[in-house]
Amino acid sequence: MLGGIHLAFKDGFVRRDTADLVNVFSIPPVPKPNNIAPAPSETGTNKGRNRKNKKVELSSPTQKEDSPATSQQSQSTKSPPTESTKSKRQEKKERKKAEWDAKCRAREDEARSLAGKEGKLKEFTEGLQRKEEEKAKRISGATQKNRTEVQQLRFAQSSLPEKKANVQTKPEPETMAGDAGSAPDAEVDFLISKKKRQRERELIGSGPAPSAKRKRKLGEPDSFPLLDNSPLIPSPKPPNPSPNPVASSPSLPQSNLPHKAQLRAQSHALLKQRELLPIWEHQHDLRQALREKNILVMLGETGSGKSTQIGQFLVSEPWVKKQRINDPRTGREVLVGGCIAITQPRRVAAVNLARRVAQEMGVHLGDDVGYAVRFDNKSSIEKTRIKFLTDGMLLQELLHDPLLKRYSAVVVDEAHERTIGTDLAMGFLRGLVYGARGGEKGLKLIVMSATIEVERMARFFEREKDMLEETVVDREGDRFMANGVDEVLEKSSSASEEEFTGCHIDSDEDKEAADGSEREVSRSTVARFQVPGRQFPIELYHAPEPVADYVDAALRTVFQIHYGEPMPGDILVFLTGQDEIEALQKLIKEYAQGMDKNVPKMCVLPLYAALPQVLQQKVFQHAPERNMRKVILATNIAETSVTVSGVRYVVDCGKVKTKRYRPRIGLESLLVTPVSKSSAMQRAGRAGREAAGKCFRLFTEENFLTLADTTVPEILRCDVSSAILTLKSRGQDDVLGFDYIDAPSRESLSKGLEQLFALGALDKTGKINAMGRKMAQLPLSPGLARVLVAAAEPKMDCLSEAIDIIAALSVENIFMTPQSEDKREEMKEAQQEFERREGDHLMLLLVVRGYDAQQSHKKLWAEKHFVNDRAMRSLIEARKQLRHYCQRLSSIPLPPPPQTITPDHGVRILKCFLKGFFHNTARLVPDGSYRTIMGSQPVGIHPSSALFGKKLEAIMYNEFLYTTKPFARLVSAIQMDWLVDASPMYLGGAEA
């Protein structure tokens with residue numbers, strides 16, 4: 001138990017509707033691991049006996065009084081440094097240790113007295129002793145088993161020369177008397193062949209064979225995720241390699257791909273799990289609903305299996321096959337269909353769902369099942385039948401193929417997240433279903449989510465949006481009701497999951513006869529369906545009082561769960577961003593190093609959007625060692641779709657980072673805001689996906705009741721300039737007449753049009769021009785896309801430099817964030833060689849160039865300069881994809897970057913960025929502060945900037961951040977006369 005971890009709350013978490021629940025935080029802590037004094041030396045048999053009978057128990061008050069003396073006696077043998085040799089830092093450290101120990105002892109006494117008052121001290125002590133005895137027996141048995149295996153292996157290795165000599169001197173079978181029928185020694189043959197293979201490897205220079213008992217590593221690039229851990233069978237080489245580059249060059253080497261028989265066996269093993277999913281028994285109804293109608297809105301509760309099963313249910317339908325239709329634009333017949341697209345709001349969900357579905361279908365990832373996300377595409381045009389992709393990638397495909405001829409159906413998953421990409425995709429798809437891809441051979445559309453408003457979404461997709469007459473049929477009870485969809489869809493609190501079998505909603509004429517009325521009912525064009533979830537019971541705990549520092553509270557909660565809750569059971573912690581995740585990860589690792597050997601180890605893993613995909617996959621793999629608990633620190637990307645196996649405990653900070661745009665002043669800021677009730681419920685649901693779990697909310701129950709019911713759609717709170725550019729590039733000139741689920745305000749739309757006109761993407765009539773079409777083809781925001789277009793101009797000639805800087809901006813932070821003051825000073829000295837008087841943009845460029853210059857030992861160089869090596873690897877991958885996009889647009893190879901950045905070259909780079917970020921500028925006012933040029937809002941330079949504390953004529957920044965006051969991050973110095981050249985039509989009169 002950790003004495004250094006204070007109780008998160010005085011009375012622990014409060015569980016709803018449970019008065020006599022044993023408090024998780026009633027477990028008393030012990031002194032900090034680093035301060036545990038060594039035990040007195042023991043000799044002989046007493047030492048072994050004491051170690052064997054060692055138990056973790058609560059000491060009595062008298063024993064507690066003796067502990068300091070024992071500690072002093074043990075520490076006296078260590079000859080501590082004298083007072084004259086102690087530095088101020090050592091004295092300060094010892095003083096802090098003493099204060100820490102005093103606080104720990106006081107907290108321990110308080111917890112013990114509390115348990116004694118409740119009359120549970122003796123019961124708690126006996127239970128803890130029983131647990132430790134059982135754990136010691138298991139450890140002893142496992143140790144004895146391992147020791148026996150090691151002894152057998154050593155004996156076999158030691159007897160190898162003798163057995164080999166016996167074999168070599170053994171007479172021929174015909175000369176031996178009475179041994180004609182004896183069988184060969186299998187063990188000897190195996191050892192001889194093993195030695196022979198080892199000698200052959202050493203001769204060709206490949207080194208000895210790896211140890212058979214090595215630890216299981218996380219994320220090995222050459223391992224395929226087989227569930228049964230069966231050995232790989234080499235796949236036979238095809239006589240003619242496939243001409244498709246995507247299918248013929250997967251990320252795994254061809255020799256390490258599993259054989260088809262192994263894939264089929266794995267698929268058969270997963271079939272039993274699939275049959276237990278709640279959606280499995282409704283697959284016939286889902287198929288029938290889509291045969292009758294082209295649009296289906298489905299409410300699939302958490303754990304129903306909708307994300308993985310819907311594509312497999314529909315891929316064998318007759319309407320999925322390729323078929324010919326008439327193209328209304330050209331009047332010719334075109335071949336459409338053959339694939340099902342499933343969109344996800346986040347790339348992590350798309351990649352992992354594709355992997356899982358490939359396993360369930362028994363195919364290689366990239367063949368029948370693939371995915372396409374930003375900067376990563378693993379799919380085949382000829383082979384892929386189920387394709388997972390982000391909503392942004394679907395919009396990119398709409399730009400090149402307005403009819404989506406590749407797809408027979410599009411599934412919009414997690415529609416409740418309401419990102420800008422999701423809203424735009426649903427608007428375009430509605431137009432296709434009732435337009436160019438309508439009819440009997442039309443495009444099928446499935447919209448599904450766990451918390452979606454089914455009736456509101458269904459009315460949006462109706463052919464006649466103002467249709468009010470709805471016919472509802474519950475196939476379980478054969479009931480009919482008009483104008484009462486919500487009453488049937490809403491599951492009663494008394495109904496159990498076994499009694500609820502789903503709800504299919506239709507408007508057929510035969511259902512009208514069941515009502516017995518003669519009235520005319522309008523036929524609905526949208527099918528509705530609800531599937532219950534598979535949710536195990538979850539115990540909810542709330543903080544008894546508001547928490548001042550939720551990161552510190554999360555740290556204490558994690559360790560109290562680790563000490564107080566049984567194994568197995570991993571912990572999932574929700575935080576707001578990368579900085580908080582990395583800080584908490586470092587703290588947990590430091591405290592975990594001082595844990596007792598009998599306590600299970602902890603494996604701390606981060607999960608956020610900017611993390612490289614290889615490191616993201618570690619979260620979904622087993623822990624590297626047995627008897628080890630995983631602690632996953634994640635942002636809100638782990639709320640939906642992504643299921644991390646083994647999670648039993650969730651710690652929810654109750655916060656999330658969201659963007660807020662104020663069109664009147666033209667500022668978009670990133671703020672930490674409370675989550676909605678639906679998000680909090682989704683987070684709690686992560687604990688009950690596989691077994692009963694617990695959710696610890698670091699906010700009070702009163703605060704939960706004041707939260708908003710749903711998350712505000714992104715299109716209502718963010719800058720819509722990128723959405724307008726997307727609409728214009730796909731032929732939707734009338735942005736006010738587009739089919740929005742929730743239309744943005746006219747003020748936001750006019751501000752977005754104004755900004756795109758200033759960027760040069762629109763002409764004076766409001767239509768998209770050639771520059772705007774180039775910007776729309778880049779997977780970037782309009783501002784960054786304008787930077788690349790400007791950098792590619794001959795007079796600027798700095799495209800390579802602009803790509804490097806934009807790649808650095810695509811990751812959250814390439815610099816480390818030290819916690820101590822000494823480390824911050826060291827970081828400042830180490831990064832002085834990168835600082836430029838121009839500001840942060842050129843500093844990022846120098847860091848990227850310095851990292852590239854290291855042919856080897858890149859990680860050591862990054863540690864020396866306090867650079868995040870993980871972020872740099874992600875940066876390199878993003879840069880590769882950006883270069884590919886730019887070469888495809890210009891069809892001209894990129895020139896090699898210059899070795900040095902001259903002042904003139906730096907000015908050209910900043911002028912290119914100013915063309916895309918002229919609206920993010922501020923100038924110095926007489927009182928010594930900065931005010932934005934557009935809106936005249938006060939803003940300060942962020943302390944992390946190289947220009948912090950400097951007075952400059954004007955500045956340009958990439959991000960507006962509000963903490964204690966408004967700050968500008970990633971700042972560079974500019975001149976006022978540059979602004980007129982950046983956007984003469986928009987800022988011509990700004991200076992005046």
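Separating the NZ atom in K767 from the NZ atom in K728 is a distance of 8.5 Å, to the nearest 0.5 Å. Considering OG of S800 and CD1 of I805, their distance stands at 11.0 Å, rounded to 0.5 Å. Distance CG/N377 to CE/M393: 6.5 Å, rounded to 0.5 Å. Atom CG of residue L952 and atom CD of residue E838 lie 11.0 Å apart, to the nearest 0.5 angstrom. Distance CZ/R717 to OH/Y661: 15.0 Å, rounded to 0.5 Å. Separation of atoms CD (Q616) and OH (Y608) is listed at 9.0 Å; rounding is to 0.5 Å.
Not counting sequence neighbours, E829 has no partner by the salt bridge (charged side-chain N to carboxylate O under 4.0 Å, His left out) test. For K387, the salt bridge (charged side-chain N to carboxylate O under 4.0 Å, His left out) criterion is met by E397, not counting sequence neighbours. Applying the salt bridge (charged side-chain N to carboxylate O under 4.0 Å, His left out) rule to D927 yields no partners; only residues at least two apart in sequence or on another chain are considered. Under the side-chain hydrogen bond (donor to acceptor under 3.5 Å, both in side chains) criterion, R418 pairs with D423, D742, sequence neighbours left out. In this structure, R347 has no salt bridge (charged side-chain N to carboxylate O under 4.0 Å, His left out) partners at least two apart in sequence or on a different chain.
Remark: aromatic rings of H865 and Y851 are distant, center separation not under 6.0 Å.
Closest approach of A350 and V373 over heavy atoms only: CB-CG1, 3.9 Å. Nearest heavy atom pair, residue A922 against residue Y930, reads CB-CB, 4.2 Å. Scanning all heavy atoms of the two residues, the minimum distance from L725 to G772 falls at CD1-O, 3.8 Å. Heavy atoms only, all atoms of each residue included: P938 and R931 are closest at CD-NH1, 3.5 Å. Contact record, I955 with I941: CD1-CG1, 4.1 Å, taken as the closest heavy-atom pair.
When only modelled atom types and interatomic distance are considered, T902 and D904 share no side-chain donor-acceptor pair under 3.5 Å. In this structure, a donor-acceptor pair under 3.5 Å is absent between the side chains of D797 and H905. Side-chain polar atoms of D840 and S945 form a donor-acceptor pair below 3.5 angstrom. With hydrogens and angles left out, the side-chain atoms of T673 and T658 include a donor and acceptor closer than 3.5 Å.
Using a 30° and 60° split on the angle between ring planes, F738 and Y740 fall in the perpendicular class, above 60°. Ring geometry, H942 versus F967: the interplanar angle exceeds 60°, so the pair is classed perpendicular (tilted spans 30 to 60°).
In this structure a side-chain-to-backbone donor-acceptor pair under 3.5 Å is present from T726 to S722.
Residues K828 and E825 are not paired through a salt bridge, judged by the lack of any N-O separation under 4.0 Å between the basic side chain and the carboxylate. Taking the charged nitrogens against the carboxylate oxygens, R870 and E582 do have a contact shorter than 4.0 Å, which makes a salt bridge.
Counting non-hydrogen atoms of other residues, nucleotides and ligands closer than 6.0 Å to NZ of K915 gives a total above 12. For H857, the NE2 atom sits in a loose shell: 12 or fewer heavy atoms of surrounding residues, nucleotides or ligands are nearer than 6.0 Å.
Evaluation of the salt bridge (charged side-chain N to carboxylate O under 4.0 Å, His left out) test over residues 846-863, restricted to residues two or more places apart or in two chains, returns E801-R849, D804-R849, D852-R879.
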